[in-house]
Chemist: 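Would you mind keeping the following structure in view while I ask a few things?
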Amino acid sequence: MKQRFPRHQKMTIVHGILSIVLIIDIVQLWLLIATMNSYLGGDSGVPLPALIFSCICLLLNLGLLRFLYKLDRTAN
Amino acid sequence: MLISSAFSAGQFWILFKNWQRNQAAAPPAQKIANLADIPVGGMLLFRYPNEHEPCILVRPDENTLVAYSQKCTHLSCAVIPNVAENKIVCPCHQGYFSLDEGRPLAGPPQHPLPRIHVEVQGDEVFATSVELRSI
């Protein structure tokens with residue numbers, strides 16, 4: 001069932017998605033810094049789990065982007 | 001999206017460099033000095049595994065030898081052992097490490113000093129490997 005949102009509701013959804021994307025990006029940035037810090041300190045067990053989690057964050061962002069495209073297409 | 005991809009690519013790069021480091025062969029054993037050259041309570045400077053890595057060998061007592069990288073894990077200043085107080089001091093920012101294990105005791109350093117494993121064969125002291133530690 002396709003839902004059609006009025007414009008002001010769509011903007012609210014877009015703003016919400018952008019906020020979530022921003023949070024995910026900040027988490028990824030922190031993760032990258034922590035991984036680099038541990039790598040430089042000699043810890044070899046951190047990079048692989050960090051990469052897996054970073055890829056999960058990337059997939060989440062991709063999913064949110066796909067949702068945005070779908071949202072835009074329902075208007076047309 | 002692009003930023004997220006860039007962060008993921010960065011994580012992949014770190015993983016690749018980590019794998020490269022693990023694949024690298026262990027440095028060969030290198031003679032540091034004769035045991036008689038190191039007085040009890042004294043220290044010796046040497047370079048291992050290459051010319052760019054200054055290290056210290058300390059003999060706190062007759063039967064103990066400990067060796068560490070001389071680069072402070074804070075900002076790479078040259079650390080100085082203080083055998084009387086059982087500490088290694090970084091004079092740049094007043095960082096302190098334990099002489100026994102090279103672990104940070106006080107000051108800015110957060111990571112222990114890389115440990116150089118040494119072996120005594122007869123009267124000769126050899127550096128055999130470097131142990132990087134994060135905690």
Chemist: In terms of heavy-atom pairs under 4.5 Å, which option from A:Ile24, A:Leu31, A:Val21 contacts chain B the most?
Modeler: A:Leu31

Chemist: Flag the one option from A:Leu40, A:Leu48, A:Leu29 with the top tally of heavy-atom pairs under 4.5 Å to chain B.
Modeler: A:Leu29

Chemist: Is B:Glu53 salt-bridged to B:Lys71, cutoff N-O under 4.0 Å?
Modeler: yes

Chemist: Check the side chains of B:Ser8 and A:Gln28 for a donor-acceptor pair under 3.5 angstrom, ignoring hydrogens and angles.
Modeler: yes

Chemist: Checking B:Cys77 against B:Cys92 for the disulfide bond (SG atoms under 2.5 Å apart) test, could you report, in this order, the C-alpha distance in whole Å, the side-chain angles of both residues, the deciding distance, and whether it holds?
Modeler: CA-CA 6 Å; B:Cys77 283; B:Cys92 288; 2.0 Å; yes

Chemist: Check the surroundings of atom CD in B:Glu51: do more than 12 heavy atoms from other residues, nucleotides or ligands lie under 6.0 Å from it?
Modeler: no

Chemist: Measuring heavy-atom distances to chain B, does A:Leu65 have an atom under 4.5 Å in its side chain, in its backbone, in both, or in neither?
Modeler: side chain

Chemist: If you count heavy atoms of other groups shown closer than 6.0 angstrom to CD1 of B:Ile3, is the number above 12?
Modeler: no

Chemist: Against chain B, label A:Leu64 side chain, backbone, both or neither, depending on which of its atoms sit under 4.5 Å from a heavy atom there.
Modeler: neither

Chemist: Non-hydrogen atoms of chain B under 4.5 Å away: do they reach the side chain of A:Leu60, the backbone, both or neither?
Modeler: neither

Chemist: At a heavy-atom separation under 4.5 Å, does B:Asn22 approach chain A through its side chain, its backbone, both, or neither?
Modeler: side chain

